[in-house]
Amino acid sequence: MNDTAVWQAVSQQAEAWAPLPTVQGFAHQLPRNAATCSSGVPGRLQRMQTSGADIAGIPLRLTQSVHLFGQLPSTFNDAPSDEAEWQTWLQAAGAVEAAHRSTIAWLRSRMPSYPQLPAPQLTPGTALTTTEYTYRLVWQPGERAAGLQRQDVPPVGRLLQATPAQACTLAESARALAAAFQTSEEWQQLEATRAQLDEEALIALRQARGRLKERLAPEAIDAHEPKLALARHNYRCTVLAEELETLTGPAQHFADAFHRADMLIETAASDVFGQLAIYGLPIQLGKVTNIDLEPGTPRRAHFTPENDLWLETGELVQIDDPLVDDTCLLTGMTINFGFGQEPSRMTAQILPGTRSLWKPSPSG
């Protein structure tokens with residue numbers, strides 16, 4: 001994907017969301033934005049983050065992690081000094097996430113051939129449709145039957161406490177992003193491959209969905225792993241990958257195109273948008289060394305920062321090197337401590353078309 005129009009529209013939407021009262025009340029308490037993380041809501045969130053909750057990486061989809069870690073022992077359950085403050089923040093977090101998921105559902109309703117998308121990935125029980133723990137940005141139950149394609153804009157103004165003028169800006173930014181997606185290479189490929197599905201391909205897709213429905217039935221997943229959320233998630237992903245590998249020809253092309261089109265929404269309209277709306281501009285890492293570039297799409301870079309910066313996966317960064325002159329989304333890192341250890345390594349997804357789009361903030 002190399003579509004600057006998408007990133008420009010994402011920026012426009014982030015600028016529309018960032019000043020809204022509900023968004024600001026939610027964002028102000030996040031550890032990366034708070035003046036101190038030693039107590040109160042930021043302290044509680046920081047303890048969750050350091051113990052594995054992805055608070056920083058997906059700020060607009062963090063309520064699931066907060067709920068899960070909130071059920072762990074007292075390390076995470078000790079109430080902030082003001083319990084009312086915690087409850088107020090939880091309400092804001094819920095409203096922001098609800099508005100975000102509503103916007104995502106509306107954007108998806110603009111996909112070619114929606115709601116008639118015979119993608120195996122949308123079979124009940126996959127990582128894209130489960131109501132259990134998942135890394136993915138799910139298609140919620142009943143979403144495709146809700147008539148979202150007939151709605152002019154996503155109804156999020158009230159959730160975000162927007163004034164009439166702000167609601168208009170929200171609507172304009174949503175329409176602009178939908179228009180940018182519709183002209184993207186990924187969505188155009190999805191439209192083309194959908195048109196090429198013949199009866200044989202449709203049968204193959206239907207059979208794959210049938211096998212997935214059986215293999216991902218609740219009792220089948222329970223038999224594999226009855227309790228552990230991550231193991232259940234990984235099983236869903238493995239089963240889907242196995243079934244997708246059985247597809248050939250137009251059926252395979254369509255399933256691949258659907259994956260790329262849906263990942264564009266998740267990456268651009270959720271991951272990158274969330275960082276811009278909640279945390280602001282990318283971080284300038286400055287010089288890095290030992291850059292390794294992976295082939296394929298999306299393109300990934302591995303590198304070693306000059307200084308031992310404490311960053312979180314999900315952050316947007318820019319590198320002062322001609323090999324990687326687009327903004328990157330951090331997707332992984334290996335942090336090594338102690339004298340004589342190998343230097344830390346970072347992995348990032350390169351975002352083609354973002355060159356010179358965002359003026360970064362300096363790393364601290």
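The chain is numbered in sequence order, starting from 1. The analysis underlying the following values was restricted to heavy atoms, covering all of them including side chains, and did not include hydrogens, waters or symmetry mates.
In this structure, Trp139 and Phe258 have tilted ring planes: the angle between them lies in the 30° to 60° band. Classified by interplanar angle (parallel below 30°, tilted 30° to 60°, perpendicular above 60°), the ring pair Trp89/Trp86 is parallel. In this structure, Phe273 and His100 have parallel ring planes: the angle between them is below the 30° cut-off, well short of the 60° mark.
Counting non-hydrogen atoms of neighbouring residues, nucleotides and ligands closer than 6.0 angstrom, the NE2 atom of His302 exceeds 12 such neighbours. No more than 12 heavy-atom neighbours from other residues, nucleotides or ligands sit within 6.0 angstrom of CD on Glu214. The environment of CD in Glu200 is sparse: at most 12 heavy-atom neighbours from other residues, nucleotides or ligands sit within 6.0 Å. Within 6.0 Å of the NE2 atom in His224, the count of heavy atoms belonging to other residues, nucleotides or ligands exceeds 12. For Glu191, the CD atom sits in a loose shell: 12 or fewer heavy atoms of surrounding residues, nucleotides or ligands are nearer than 6.0 Å.
No side-chain donor-acceptor contact under 3.5 Å links Trp7 to the backbone of Leu357. Between the side chain of Ser102 and the main chain of Ala99, no donor-acceptor pair closer than 3.5 Å is present. Put simply, the side chain of Glu85 never gets that close to the backbone of Gly40: no donor and acceptor are under 3.5 Å apart. Of the possible polar contacts, none joining the Ser65 side chain to the Leu62 backbone as a donor-acceptor pair under 3.5 Å is found. Although no hydrogens or angles enter the test, the distance criterion places no donor-acceptor pair under 3.5 Å between the side chain of Thr246 and the main chain of Glu242. Using modelled atom types, no side-chain atom of Gln318 and backbone atom of Cys328 make a donor-acceptor pair closer than 3.5 Å. Between the Thr193 side chain and the Leu190 main chain, a donor and an acceptor come within less than 3.5 Å of each other. Side chain of Thr4 to main chain of Gly353: a donor-acceptor pair is present (N/O by atom type, distance under 3.5 Å, no hydrogens or angles). Counting only distance, with no hydrogens or angles, the side chain of Gln29 and the backbone of Phe26 share no donor-acceptor pair below 3.5 Å.
Comment: Asp262 engages Arg136 in a salt bridge, judged by a side-chain N to carboxylate O separation of less than 4.0 angstrom. A salt bridge is absent between Lys227 and Asp222: the closest approach of a Lys/Arg side-chain nitrogen to an acidic carboxylate oxygen does not fall below 4.0 angstrom. Ionic pairing of Arg299 and Asp326 is not present here: no N-O contact between side-chain nitrogen and carboxylate oxygen is shorter than 4.0 angstrom.
The only member of Glu132, Glu225, Glu243 that meets salt bridge (Lys or Arg N to Asp or Glu O under 4.0 Å) when paired with Arg236 is Glu132.
Judged as a side-chain contact (heavy atoms from CB on, under 4.5 Å), and not counting sequence neighbours, the contacts of Asp256 are Gln252, Arg260.
In plain terms, the two heavy atoms of Val138 and Ala127 that are nearest each other are CG1-O, 3.7 Å.
Looking at heavy atoms from C-beta onward, Trp358 lies in side-chain contact with Val272 at the 4.5 angstrom threshold. Taking 4.5 Å as the limit, every side-chain heavy atom of Leu30 sits out of range of all side-chain heavy atoms of Pro42.
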